[in-house]
Each structure stands twice: as structure tokens, then as C-alpha cells.
Amino acid sequence: SHMVRLSLRSSRPHGDRAPSRGTQPSGGPPASAAPMDSSSQSPPAGGDPSEDGAAAELPRLTVTQVEQMKVEARVADIYRVLFDAAPNAKSVMLELWRDQHVEYLTKGLRHLAPSFHVLDANRPWLCYWMVHGLAVLDETLDDDLENDIVDFLSRCQDKHGGYGGGPGQLPHLATSYAAVNTLVTIGSERALSSIKRDNLYKFMLLMKDKSGAFRMHDGGEIDVRACYTAISVSFL
């Protein structure tokens with residue numbers, strides 16, 4: 001199987017940190033704006049009313065953007081604690097609890113808690129994340145568990161090609177990517193032969209737009225993810 005080692009680096013330029021928790025996101029109103037009297041609501045003499053109109057047209061942050069900013073701020077806080085720690089403390093903080101990770105991932109492949117129901121349409125991704133995590137930890141799966149994973153992903157495979165987010169779900173390039181990578185990571189003859197290559201190829205051609213780009217699914221969005229997942233699966 002092919003394994004890629006990734007180096008996780010912040011894409012944020014130095015000095016441009018995410019706002020800390022509780023900081024009002026840019027573009028939103030101040031956290032505690034003072035009431036304005038009638039005289040303060042009118043523009044100052046000589047002001048440019050077009051500036052107020054331009055400010056009103058600024059896009060508001062979506063709920064997803066706000067939640068992402070909160071996550072970035074939490075991650076930044078963790079890194080600040082790490083960078084400020086003493087050298088001997090860093091070695092303890094960066095210790096990889098390999099056995100605990102192996103136990104957690106192996107258990108997850110057999111049974112997931114009810115809270116994971118929100119990822120029902122991403123079940124091949126769950127397989128990929130756990131199988132790949134075990135592969136990075138140089139841990140092998142027992143034959144019965146491997147066969148269970150192959151059987152499950154086969155049920156996610158649409159009869160016309162591609163893999164859906166679960167049995168009977170719409171085939172999608174992202175979950176096809178996750179399923180194929182899972183099977184390639186397992187690497188057994190049974191895993192690889194379970195991929196209906198001709199149908200998968202036909203599915204990817206159907207997702208190709210006349211512009212040369214790809215759609216994520218039938219009638220779905222066109223974006224860079226679709227191009228990447230289609231080309232990656234084709235290469236594998």
C-alpha cells in the first residue's frame with residue numbers, strides 16, 4: 001500500500017493569528033455596542049454616505065465560518081502552550097500514546113458510539129481514517145476485521161459505479177476516494193478485487209464536466225476536491 005507522511009503546518013502567516021476565544025469576528029458588530037442617541041445615528045457633516053453603504057454591503061460571516069474561527073483559536077492556544085513549555089515538558093507533551101491510539105481505532109472499526117450517527121453519510125471516511133491511522137502506526141488488522149471492512153465497503157458500492165456514504169446511498173467522488181484508499185491500504189487480494197474498476201471508471205466519466213472539471217456527485221457541485229479525488233482514484 002502507498003502511504004503518505006504529511007507535515008501539518010499552519011497556513012496562517014506569522015503574526016496573523018486567529019482571534020482568541022471570545023474575540024468578536026471581523027465584520028460583525030462590537031461585542032457590547034453602546035446605545036446611540038438620535039444625534040449620533042446621523043452621518044457627520046461632510047461625511048461620505050457611500051462609505052456607510054459600502055460597509056452595509058460587507059458579507060456577514062456564516063455560522064460555519066464562526067465555528068471554524070473558534071476551532072482555529074483553540075488550536076492556536078494549544079500551540080502557544082506548547083511553544084512556551086520547558087524542553088523537558090515538551091518531550092512529555094509530545095509523547096505518542098501508541099497503544100491507546102491502536103486500541104481506540106481498532107475498537108472504532110468494530111463499534112462506534114451513538115454520537116457518530118451524524119456521520120452516517122461518511123462511513124467510508126470513518127473506515128479510511130481508522131484504517132490509515134493504524135497503518136501509520138504500523139499496526140496490522142486481523143483477517144476477520146479486514147474482511148468485515150471489505151464486505152461493508154462492497155455494500156457501499158453502487159451497482160452503476162462509485163461508492164456512496166453508506167449502503168444504498170448516492171455514489172459520490174469523496175466517499176469513492178475514501179473507500180478506494182481504505183481498500184488499497186488494506187492491500188489484500190480480496191480488498192483490491194472488490195473494486196469494480198470498470199463501473200468506477202464509468203462513474204468518474206459521468207462526473208466529468210464539459211469544462212474539464214468534475215462534479216462531486218450527480219447534479220452536485222464542481223470544485224477542486226472533485227478534481228483531486230477523481231485524479232487520485234484514477235492514479236491508484
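Bear in mind the structure is a predicted one, so any value in this text is a computation, not a measurement.
With rounding to the nearest 0.5 angstrom, the CG atom of Leu200 is 11.5 Å from the NZ atom of Lys202. Distance CD/Gln157 to CD1/Ile195: 7.5 Å, rounded to 0.5 Å. Between the CG atom of Asn181 and the SG atom of Cys127 there is a distance of 12.5 Å, given to the nearest 0.5 Å. Taking CE of Met207 as the reference point, atom SG of Cys227 lies at 13.0 Å (rounded to 0.5 Å). Taking CG of Leu145 as the reference point, atom OG1 of Thr106 lies at 7.0 Å (rounded to 0.5 Å). Rounded to the nearest 0.5 Å, atoms OG (Ser188) and CG (Asp143) are 8.5 Å apart.
For Thr62, the side-chain hydrogen bond (donor to acceptor under 3.5 Å, both in side chains) partners two or more places apart in sequence, or in a different chain, are Gln65. Residues satisfying the ring-ring contact (aromatic ring centres under 6.0 Å, His included) test with Phe203, not counting sequence neighbours, are none. Partners of Leu96 according to the side-chain contact (heavy atoms from CB on, under 4.5 Å) rule, which considers only residues two or more places apart in sequence or in another chain, are His101, Leu137. Remark: Ser193 engages Glu189 in a side-chain contact (heavy atoms from CB on, under 4.5 Å) (not counting sequence neighbours). Qualifying side-chain contact (heavy atoms from CB on, under 4.5 Å) partners for Leu112, counting only residues two or more places apart in sequence or in other chains: Phe116, Leu126, Met130. Residues satisfying the side-chain hydrogen bond (donor to acceptor under 3.5 Å, both in side chains) criterion with Asn88, sequence neighbours excluded, are absent altogether. Checked against side-chain hydrogen bond (donor to acceptor under 3.5 Å, both in side chains), Arg197 has no partners two or more places apart in sequence or in another chain. Taking the salt bridge (Lys or Arg N to Asp or Glu O under 4.0 Å) definition, one finds that Asp218 meets it with nothing, sequence neighbours left out. Residues forming a side-chain contact (heavy atoms from CB on, under 4.5 Å) with Lys90 (at least two apart in sequence, or on another chain): Leu82, Ala85. Residues that satisfy the side-chain hydrogen bond (donor to acceptor under 3.5 Å, both in side chains) test with Gln100, not counting sequence neighbours, are absent from this structure. With sequence neighbours left out, the salt bridge (Lys or Arg N to Asp or Glu O under 4.0 Å) criterion links Asp142 to Arg110.
Heavy-atom minimum distance, Leu192 versus Gly187: CD1-O, 3.9 Å. Among all heavy-atom pairs drawn from Ala179 and Leu153, the shortest one is O-CD1, 4.0 Å. Contact record, Gly161 with Pro171: O-CB, 3.5 Å, taken as the closest heavy-atom pair.
There is a path of hydrophobic side-chain contacts, each under 4.5 Å, that joins Met204 to Leu236. Hydrophobic clustering (ILVMFWY, side-chain heavy atoms < 4.5 Å, transitive): Leu206 and Val233 are in one cluster.
Gln169 and Asp120 form a side-chain donor-acceptor contact under 3.5 Å, judged by distance and modelled atom types alone.
At least one side-chain heavy atom of Ser194 sits under 4.5 Å from a side-chain heavy atom of Leu183.
Between Glu139 and Arg98, at least one side-chain N (NZ, or NE/NH1/NH2) sits under 4.0 Å from a carboxylate O, which counts as a salt bridge. Checked for salt-bridge contact, Arg80 and Asp77 meet the test: a charged N lies under 4.0 Å from a carboxylate O.
Sorted by first then second residue, the ring pair (Phe, Tyr, Trp, His ring centres under 6.0 Å) pairs that include residues 156-196, not counting sequence neighbours, are Trp125-Tyr177, His172-His217, Tyr177-Tyr228.
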